Amino acid sequence: NENGEPPLSAAIYGKDEESAMVLLDGGDDPNEVDGNGRNALHMAAWKGCRPPLFQRVVARIHDVNTVDIHGTTALMIAAANNQLDVVMSLMNHPRIDLNVQNRYNNTALQWAVVYNHPAIVSQLLSDDKMDASLKDCVNNTALKRAILLRRAECVTILRQHGAPE
(Lines give C-alpha, C1' and ligand atoms only; values in the text may rest on other atoms or scores of the structure.)
Protein backbone atom coordinates (compact mmCIF):
# COMPACT_ATOMS: atom_id res chain seq x y z
CA ASN A 1 0.00 0.00 0.00
CA GLU A 2 1.00 3.63 -0.35
CA ASN A 3 1.95 4.34 3.25
CA GLY A 4 3.93 1.16 3.82
CA GLU A 5 1.36 -0.13 6.28
CA PRO A 6 2.16 -3.57 7.60
CA PRO A 7 -0.61 -6.05 6.67
CA LEU A 8 -1.90 -6.30 10.26
CA SER A 9 -2.20 -2.53 10.60
CA ALA A 10 -3.87 -2.33 7.18
CA ALA A 11 -6.43 -4.98 8.21
CA ILE A 12 -7.23 -3.10 11.43
CA TYR A 13 -7.43 0.21 9.57
CA GLY A 14 -9.82 -1.42 7.08
CA LYS A 15 -11.91 -2.83 9.97
CA ASP A 16 -11.27 -6.36 8.68
CA GLU A 17 -11.04 -8.00 12.09
CA GLU A 18 -11.20 -11.55 10.71
CA SER A 19 -8.09 -10.96 8.59
CA ALA A 20 -6.37 -9.22 11.50
CA MET A 21 -6.96 -12.27 13.72
CA VAL A 22 -5.61 -14.58 11.00
CA LEU A 23 -2.54 -12.38 10.61
CA LEU A 24 -1.93 -12.43 14.37
CA ASP A 25 -2.35 -16.23 14.36
CA GLY A 26 0.20 -16.37 11.54
CA GLY A 27 2.76 -14.43 13.57
CA ASP A 28 2.41 -10.88 12.25
CA ASP A 29 4.09 -8.44 14.63
CA PRO A 30 1.78 -5.68 15.91
CA ASN A 31 4.88 -3.62 16.77
CA GLU A 32 5.79 -3.18 13.09
CA VAL A 33 5.27 0.46 12.06
CA ASP A 34 4.13 2.24 8.92
CA GLY A 35 5.70 5.33 7.33
CA ASN A 36 4.24 7.52 10.10
CA GLY A 37 5.64 5.37 12.88
CA ARG A 38 2.21 3.96 13.78
CA ASN A 39 1.83 0.35 14.85
CA ALA A 40 -1.24 -1.91 15.06
CA LEU A 41 -2.15 -0.46 18.47
CA HIS A 42 -2.23 3.05 17.00
CA MET A 43 -4.55 1.78 14.25
CA ALA A 44 -6.83 -0.01 16.71
CA ALA A 45 -7.01 3.17 18.79
CA TRP A 46 -7.86 5.21 15.71
CA LYS A 47 -10.42 2.94 14.10
CA GLY A 48 -11.61 1.00 17.14
CA CYS A 49 -12.07 -2.74 17.21
CA ARG A 50 -13.81 -5.37 19.26
CA PRO A 51 -12.24 -6.25 22.63
CA PRO A 52 -10.95 -9.72 21.65
CA LEU A 53 -8.81 -8.31 18.84
CA PHE A 54 -7.78 -5.26 20.86
CA GLN A 55 -6.65 -7.41 23.80
CA ARG A 56 -4.61 -9.65 21.50
CA VAL A 57 -2.87 -6.65 19.97
CA VAL A 58 -2.17 -5.05 23.37
CA ALA A 59 -0.81 -8.33 24.75
CA ARG A 60 1.86 -8.39 22.02
CA ILE A 61 2.80 -4.70 22.02
CA HIS A 62 6.21 -4.04 23.54
CA ASP A 63 5.32 -0.56 24.84
CA VAL A 64 1.75 0.80 25.09
CA ASN A 65 3.24 4.31 25.24
CA THR A 66 5.02 4.03 21.87
CA VAL A 67 4.82 7.28 19.91
CA ASP A 68 4.51 7.88 16.17
CA ILE A 69 6.60 10.45 14.27
CA HIS A 70 4.51 13.24 15.85
CA GLY A 71 4.96 11.95 19.39
CA THR A 72 1.38 10.69 19.47
CA THR A 73 0.45 7.65 21.56
CA ALA A 74 -2.42 5.21 21.04
CA LEU A 75 -4.13 6.75 24.08
CA MET A 76 -4.03 10.19 22.45
CA ILE A 77 -5.42 8.79 19.21
CA ALA A 78 -8.23 6.99 21.05
CA ALA A 79 -9.08 10.16 23.01
CA ALA A 80 -9.17 12.28 19.86
CA ASN A 81 -11.34 9.74 18.01
CA ASN A 82 -13.87 9.18 20.79
CA GLN A 83 -12.92 5.52 21.29
CA LEU A 84 -14.09 5.26 24.92
CA ASP A 85 -13.69 1.47 25.13
CA VAL A 86 -10.12 1.73 23.88
CA VAL A 87 -9.34 4.57 26.31
CA MET A 88 -10.71 2.52 29.20
CA SER A 89 -8.78 -0.57 28.16
CA LEU A 90 -5.53 1.36 27.81
CA MET A 91 -6.07 3.07 31.16
CA ASN A 92 -6.26 -0.38 32.76
CA HIS A 93 -2.89 -1.39 31.33
CA PRO A 94 -0.28 -1.54 34.11
CA ARG A 95 2.37 0.33 32.09
CA ILE A 96 0.20 3.11 30.61
CA ASP A 97 1.46 6.66 31.09
CA LEU A 98 -1.56 8.95 30.97
CA ASN A 99 0.58 12.08 30.85
CA VAL A 100 2.73 11.54 27.75
CA GLN A 101 2.98 14.78 25.78
CA ASN A 102 3.44 14.86 22.01
CA ARG A 103 5.82 17.21 20.25
CA TYR A 104 3.37 20.09 20.84
CA ASN A 105 3.01 19.07 24.51
CA ASN A 106 -0.58 17.90 24.02
CA THR A 107 -1.80 15.04 26.22
CA ALA A 108 -4.67 12.62 25.72
CA LEU A 109 -6.76 14.87 27.98
CA GLN A 110 -6.07 17.90 25.81
CA TRP A 111 -6.99 15.93 22.66
CA ALA A 112 -10.28 14.88 24.26
CA VAL A 113 -10.99 18.56 24.96
CA VAL A 114 -10.02 19.73 21.47
CA TYR A 115 -12.35 17.20 19.83
CA ASN A 116 -15.06 17.81 22.45
CA HIS A 117 -15.40 14.33 23.92
CA PRO A 118 -16.67 14.94 27.46
CA ALA A 119 -17.05 11.23 28.27
CA ILE A 120 -13.36 10.72 27.46
CA VAL A 121 -12.42 13.79 29.54
CA SER A 122 -14.37 12.39 32.48
CA GLN A 123 -12.85 8.93 32.07
CA LEU A 124 -9.29 10.26 31.95
CA LEU A 125 -9.88 12.46 34.99
CA SER A 126 -11.23 9.47 36.93
CA ASP A 127 -7.63 8.27 37.31
CA ASP A 128 -5.58 9.96 40.04
CA LYS A 129 -2.47 9.68 37.84
CA MET A 130 -3.95 12.07 35.25
CA ASP A 131 -2.17 15.43 35.53
CA ALA A 132 -4.57 18.15 34.37
CA SER A 133 -1.99 20.85 35.09
CA LEU A 134 0.22 19.97 32.11
CA LYS A 135 0.47 22.76 29.55
CA ASP A 136 0.67 22.59 25.77
CA CYS A 137 3.20 24.45 23.63
CA VAL A 138 1.28 27.73 23.95
CA ASN A 139 1.02 27.40 27.74
CA ASN A 140 -2.63 26.25 27.93
CA THR A 141 -3.86 23.66 30.39
CA ALA A 142 -6.73 21.41 29.33
CA LEU A 143 -9.16 23.67 31.21
CA LYS A 144 -7.86 26.85 29.59
CA ARG A 145 -8.09 25.21 26.18
CA ALA A 146 -11.65 24.04 26.92
CA ILE A 147 -12.58 27.61 27.86
CA LEU A 148 -10.95 29.06 24.73
CA LEU A 149 -12.68 26.50 22.50
CA ARG A 150 -16.02 26.97 24.28
CA ARG A 151 -16.31 23.30 25.23
CA ALA A 152 -18.85 23.96 28.00
CA GLU A 153 -19.37 20.37 29.10
CA CYS A 154 -15.63 19.73 29.17
CA VAL A 155 -15.13 22.93 31.20
CA THR A 156 -17.70 21.76 33.74
CA ILE A 157 -16.10 18.32 34.08
CA LEU A 158 -12.59 19.74 34.39
CA ARG A 159 -13.70 22.23 37.05
CA GLN A 160 -15.54 19.48 38.98
CA HIS A 161 -12.24 17.58 39.11
CA GLY A 162 -10.33 20.64 40.31
CA ALA A 163 -8.32 21.12 37.13
CA PRO A 164 -6.19 24.28 37.17
CA GLU A 165 -6.69 26.98 34.60
Side-chain angles (χ1 to χ4, degrees), residues 3 5 9 12-13 15 30-31 33-51 53-165:
N3 193 28
E5 274 182 325
S9 290
I12 293 171
Y13 178 85
K15 310 248 336 139
N31 297 286
V33 297
D34 65 14
N36 290 311
R38 294 185 187 121
N39 61 29
L41 183 60
H42 288 107
M43 291 299 170
W46 181 15
K47 293 298 184 172
C49 62
R50 289 179 294 174
L53 174 58
F54 188 79
Q55 292 309 320
R56 286 190 64 196
V57 169
V58 169
R60 294 177 55 191
I61 288 290
H62 299 308
D63 180 3
V64 293
N65 301 303
T66 297
V67 297
D68 67 10
I69 62 172
H70 305 288
T72 306
T73 65
L75 182 63
M76 291 176 199
I77 292 169
N81 288 283
N82 205 26
Q83 299 289 349
L84 183 59
D85 290 343
V86 173
V87 168
M88 291 170 52
S89 183
L90 287 169
M91 287 177 70
N92 287 323
H93 194 281
R95 292 187 308 274
I96 194 70
D97 181 350
L98 303 176
N99 299 304
V100 173
Q101 293 177 282
N102 68 9
R103 69 179 183 186
Y104 301 106
N105 291 342
N106 295 307
T107 63
L109 180 61
Q110 289 161 328
W111 280 117
V113 166
V114 167
Y115 289 98
N116 200 23
H117 301 310
I120 304 279
V121 170
S122 183
Q123 182 63 40
L124 289 167
L125 290 171
S126 73
D127 192 309
D128 293 338
K129 296 183 295 273
M130 185 79 247
D131 184 353
S133 71
L134 294 173
K135 296 181 178 181
D136 65 16
C137 65
V138 291
N139 215 30
N140 290 329
T141 63
L143 177 55
K144 184 158 187 190
R145 187 177 255 185
I147 293 167
L148 291 169
L149 294 172
R150 297 187 176 115
R151 307 289 195 236
E153 197 172 348
C154 292
V155 169
T156 299
I157 294 165
L158 285 155
R159 285 191 171 142
Q160 287 171 343
H161 282 87
E165 192 173 325

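Keep in mind that what you see is a predicted model, and the values were worked out from it rather than measured. Any value given below was found using the heavy atoms of this structure, including those in side chains, with hydrogens, waters and symmetry copies removed. The first residue in the sequence is number 1, and the count goes up from there.
- The distance from the CD atom of Glu153 to the CG atom of Asn116 is 7.5 Å, given to the nearest 0.5 Å.
- Using a 4.5 Å heavy-atom threshold, the side chains of Val57 and Ile12 count as touching.
- Side-chain atoms of Asn81 never come within 3.5 Å of backbone atoms of Gln83 as a donor-acceptor pair (strictly under, hydrogens ignored).
- Within 6.0 Å of the CZ atom in Phe54, the count of heavy atoms belonging to other residues, nucleotides or ligands exceeds 12.
- Shown are Arg145, Met76, His70; of these, the side chain to side chain contact (heavy atoms under 4.5 Å, CB included) with Asn106 is made only by Arg145.
- The distance from the CG atom of Leu75 to the CD1 atom of Ile96 is 5.0 Å, given to the nearest 0.5 Å.
- What you find for Thr66 and His42 is that their closest heavy atoms are O-NE2, 3.1 Å.
- Scanning all heavy atoms of the two residues, the minimum distance from Asp68 to Asn36 falls at CB-O, 3.2 Å.
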Exercise. Can you check side chain to side chain contact (heavy atoms under 4.5 Å, CB included) on Ile61 and Asn31, steps first, answer last?
Worked result: CA-CA 6 Å; Ile61 288 290; Asn31 297 286; 3.7 Å; yes
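- Scanning all heavy atoms of the two residues, the minimum distance from Leu143 to Pro164 falls at CB-O, 3.6 Å.
- Asp131 places no side-chain N or O within donor-acceptor distance of the main-chain N or O of Asn99, the cut-off being under 3.5 Å.
- Asn140 places no side-chain N or O within 3.5 Å of a backbone atom of Asp136 that could act as its donor or acceptor partner.
- Closest heavy-atom contact between Val86 and Ala45: CG1-CA, 3.9 Å.
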What side-chain donor-acceptor pairs closer than 3.5 Å can you find for residues 121-130, not counting sequence neighbours?
from   : atom 1 : to     : atom 2 : distance (Å)
Ser126 : OG     : Gln123 : O      : 2.5
Asp127 : OD1    : Lys129 : N      : 2.7

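- Sparse packing is recorded around CZ of Arg50, with 12 or fewer heavy atoms of other residues, nucleotides or ligands lying under 6.0 Å away.
- A donor-acceptor pair under 3.5 Å links the side-chain atoms of Lys15 to the main chain of Lys47, judged by distance alone.
- Checked by atom type and distance alone, the side chain of Gln110 pairs as donor or acceptor with a backbone atom of Leu134 at under 3.5 Å.
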For this session: Could you walk me through whether Ser9 and Arg38 pass side chain to side chain contact (heavy atoms under 4.5 Å, CB included), step by step?
Result: CA-CA 8 Å; Ser9 290; Arg38 294 185 187 121; over 6 Å; no
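- Atoms CD and CG, from Gln101 and Leu109 in turn, are 11.0 Å apart once rounded to the nearest 0.5 Å.
- Shortest non-hydrogen contact noted between Pro30 and Arg60 is CG-CB, 3.6 Å.
- The two residues Val155 and Ile147 come nearest to each other via the heavy atoms CG2-N, 3.7 Å.
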For this session: Would you sort out whether Asn105 and Lys135 count as a side chain to side chain contact (heavy atoms under 4.5 Å, CB included), showing the intermediate values?
Result: CA-CA 7 Å; Asn105 291 342; Lys135 296 181 178 181; over 6 Å; no
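- Formation of a donor-acceptor pair under 3.5 Å by the Thr141 side chain with backbone atoms of Ser133 is not found in this model.
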Exercise. So Asp63 and Arg95, side chain to side chain contact (heavy atoms under 4.5 Å, CB included) or not? Walk me through it.
Worked result: CA-CA 8 Å; Asp63 180 3; Arg95 292 187 308 274; 5.9 Å; no
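- Here CG of Asp97 is found 12.0 Å from CG of Leu90. Values are rounded to the nearest 0.5 Å.
- His161 places a side-chain N or O within donor-acceptor distance of the main-chain N or O of Ile157, the cut-off being under 3.5 Å.
- For the atom pair Thr72 OG1 and Asn102 CG, the distance stands at 5.0 Å (nearest 0.5 Å).
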